[in-house]
Amino acid sequence: MKQTQKGNELLSRIEEQYHTLSKGQKRLAEYIAGNYDKAVFLTAAKLGAAVGVSESTVVRFAVQIGYKGYPEFQRALEELVRNKLNSIQRMEVTYGRISQSEILATVLQSDIEKIKLTIAGIDQKAFEEAVDTILHARRIYIVGIRSCAPLASFLGFYLNLLFDNVIQIHTNSSSEIFEQMIRIGEEDALIGISFPRYSMRTLKALEFASNRKAKVISLTDSIHSPMNLYSSCNLIARSDMASIVDSLVAPLSVVNALVVALCMKKQDEIVQTLESLEQIWDEYQVYSSDELNQASDTVAFGLGEDIYE
């Protein structure tokens with residue numbers, strides 16, 4: 001059997017237990033080590049059929065290498081795949097298993113499952129600690145890069161309505177991160193958002209904040225995420241493969257929950273802020289009395305008493 005990479009829990013378990021496995025279980029071990037990108041999508045019965053063993057042999061194999069059953073083994077397999085496949089491989093694997101007509105229903109159902117798994121697994125105490133940390137921070141820093149940038153922007157937009165001390169880090173390099181965080185200290189908080197494949201720049205930001213003794217909150221996909229090395233408050237939201245991209249629906253729901261919880265803690269302030277905003281929006285026609293003239297081909301915009309076409 002090939003030498004497995006150290007540090008990966010599932011492959012390490014297979015390697016350690018290989019000599020104790022039956023002939024059929026060894027075939028399973030070899031298939032998984034070489035084809036984990038395909039095995040991750042198979043039920044116990046289908047995995048057994050692919051290797052030429054029974055479903056019960058697959059279940060016994062999962063238990064033999066230290067898992068409570070096939071579902072726990074499959075979660076470990078998903079963790080392996082998330083960290084090893086690149087974007088092109090993810091697309092090939094996913095589109096190879098569903099037809100074009102099934103994509104919409106499959107992806108939406110997958111997102112529903114991610115939210116359900118997030119509800120079941122998220123640490124309520126960690127969530128409450130995150131809310132409390134944000135409320136009492138001198139400055140609130142937010143970092144989310146590449147595909148996580150929209151999450152960071154969404155969170156930053158709403159935190160800016162609640163606080164006057166929010167700093168969203170925009171960066172194309174590690175040096176720019178440090179420059180924008182140069183004043184971070186132990187009275188501040190950093191919210192770091194990253195999902196596989198993890199951004200090294202985000203990790204460096206968390207490390208920098210941790211070294212400066214700031215309070216670090218991570219929003220990531222797993223307790224095994226490297227983000228958690230530097231954070232004292234870990235919010236876990238499932239983000240498994242759905243296609244060429246990772247689903248960010250569950251993480252966005254956690255961000256929504258954070259904003260709502262903070263609003264409930266600052267009800268008086270948020271009411272005043274929203275009242276002021278409503279006046280500003282009305283005065284400057286932000287949400288307008290813009291009107292679409294259905295009787296003609298022109299679009300008319302109402303600004304005060306004047307009409308411009």
query = Any chance the side chains of Q25 and T57 put a donor and an acceptor closer than 3.5 Å?
reply = no

task = Spell out, as yes or no, whether a donor-acceptor pair under 3.5 Å connects the side chain of N35 to the backbone of Y31.
result = yes

Close side-chain approach of L159 and L258, heavy atoms under 4.5 Å = no

task = Taking the side chain as every heavy atom from C-beta outward, state whether Y158 and L161 have any pair of such atoms under 4.5 Å apart.
result = yes

query = If you group Ile, Leu, Val, Met, Phe, Trp and Tyr by side-chain heavy-atom gaps below 4.5 Å, do F163 and I217 land in one group?
reply = yes

ask   = Does one side chain, of T220 or S218, offer a donor that lies under 3.5 Å from an acceptor on the other?
value = no

ask   = With a 4.5 Å heavy-atom cut-off, do L219 and I236 have their side chains touching?
value = no

ask   = Any side-chain heavy atom of I191 within less than 4.5 Å of one from I134?
value = yes

task = Starting from the C-alpha separation in whole Å, work towards a yes-or-no answer on side-chain contact (heavy atoms from CB on, under 4.5 Å) for L229 and L206.
result = CA-CA 9 Å; L229 294 172; L206 266 65; over 6 Å; no

query = Going by atom types alone, do Q180 and E176 pair a side-chain donor with an acceptor below 3.5 Å?
reply = no

message = Quick check for you: to the nearest 0.5 Å, what is the distance between H170 atom NE2 and I177 atom CD1?
response = 12.0 Å

message = What verdict does the side-chain contact (heavy atoms from CB on, under 4.5 Å) test give for S153 and Q168, after you've listed the backbone C-alpha separation in whole Å, the side-chain angles of each residue and the deciding distance to 0.1 Å?
response = CA-CA 7 Å; S153 295; Q168 187 176 335; 3.1 Å; yes

query = Given S54 and S56, is the side-chain contact (heavy atoms from CB on, under 4.5 Å) satisfied, shown in steps?
reply = CA-CA 5 Å; S54 67; S56 59; 3.0 Å; yes

message = If I compare all heavy atoms of Y70 with all of L42, which pair ends up nearest, and what's the gap?
response = OH-O, 2.8 Å

remark   = The reported gap from CD1 in I14 to CD1 in I65 (rounded to nearest 0.5 angstrom) is 4.5 Å

task = May I have the step-by-step check of side-chain contact (heavy atoms from CB on, under 4.5 Å) for Y230 and N211, ending in yes or no?
result = CA-CA 9 Å; Y230 305 110; N211 289 340; over 6 Å; no

task = Specify the closest pair of heavy atoms between A237 and V254, including all atoms of both residues, with the distance to one decimal.
result = CB-CG2, 3.9 Å

key: Shortest non-hydrogen contact between A62 and G69, atoms and distance   = CB-O, 3.9 Å

message = Quick check: closest heavy atoms across L248 and S239, and the distance to 0.1 Å?
response = CD2-OG, 4.2 Å

A189 backbone acceptor or donor facing R139 side chain under 3.5 Å = no

inquiry  = Using the rule that Ile, Leu, Val, Met, Phe, Trp and Tyr join whenever any side-chain heavy atoms are under 4.5 Å apart, tell me whether M200 and I169 fall into a single cluster.
reply    = yes

Main-chain N/O of C263 paired to E269 side chain as donor or acceptor, under 3.5 Å = no

Spacing of M264 atom CE and L262 atom CG [to the nearest 0.5 Å] = 11.5 Å

key: Check: F195 and S147 side chains under 4.5 Å, non-hydrogen atoms   = no

query = Side-chain donor-acceptor pair under 3.5 Å between N228 and S225, yes or no?
reply = no

query = What closest approach, in Å, do R13 and G66 show between heavy atoms, and which atom pair accounts for it?
reply = NH1-O, 2.9 Å

task = State plainly whether one hydrophobic cluster holds both I140 and F127, where clusters connect Ile, Leu, Val, Met, Phe, Trp and Tyr through side-chain heavy atoms under 4.5 angstrom apart.
result = yes

ask   = How long is the span from the NZ atom in K26 to the OG1 atom in T20, to the nearest 0.5 Å?
value = 8.5 Å

query = V63 and Y18: same hydrophobic cluster, using ILVMFWY side-chain contacts below 4.5 Å?
reply = no

query = Has the side chain of Q64 got a donor or acceptor atom that lies under 3.5 Å from a matching backbone atom of R60?
reply = no

inquiry  = Rounded to the nearest 0.5 Å, what separates atom OG1 in T273 from atom CG in L277?
reply    = 6.5 Å

Nearest heavy atoms of V143 and A205, plus distance in Å = CG1-CB, 4.2 Å

message = To the nearest 0.5 Å, what is the distance between NZ on K213 and CD on E187?
response = 14.0 Å

query = Between I270 and F157, is there a shared hydrophobic cluster once you connect ILVMFWY residues whose side-chain heavy atoms come closer than 4.5 Å?
reply = yes

message = Less than 4.5 Å apart, side chain to side chain, heavy atoms only: is that true for L190 and K215?
response = no

inquiry  = Using only atom types and a distance under 3.5 Å, with no angle test, would you say the side chain of R27 pairs donor to acceptor with the backbone of G52?
reply    = yes

query = For G156, does its backbone N or O pair with a side-chain atom of N160 as donor and acceptor, under 3.5 Å?
reply = yes

query = Strictly by modelled atom types, are Y141 and N165 linked by a side-chain donor-acceptor pair under 3.5 Å?
reply = no

query = Under 30°, 30 to 60°, or over 60°: which ring-plane class applies to F73 and Y67, parallel, tilted or perpendicular?
reply = perpendicular

task = Check whether any side-chain heavy atom of R212 sits under 4.5 Å from a side-chain heavy atom of I182, and report yes or no.
result = yes

key: I223 side chain reached by N234 side chain, heavy atoms, under 4.5 Å   = no

request  = Begin with the C-alpha distance, continue with both residues' side-chain angles, and end with the deciding distance and a verdict on side-chain hydrogen bond (donor to acceptor under 3.5 Å, both in side chains) for T202 and S194.
outcome  = CA-CA 7 Å; T202 303; S194 189; 4.7 Å; no

inquiry  = Check this for me: K266, atom NZ, are more than 12 non-hydrogen atoms of other residues, nucleotides or ligands nearer than 6.0 Å?
reply    = yes

request  = Tell me, yes or no, whether the heavy-atom count around R146 atom CZ, taken from other residues, nucleotides or ligands under 6.0 Å, exceeds 12.
outcome  = no

query = Under the criterion side-chain contact (heavy atoms from CB on, under 4.5 Å), which of I122, I119, T118, D221 is the partner of R238?
reply = T118

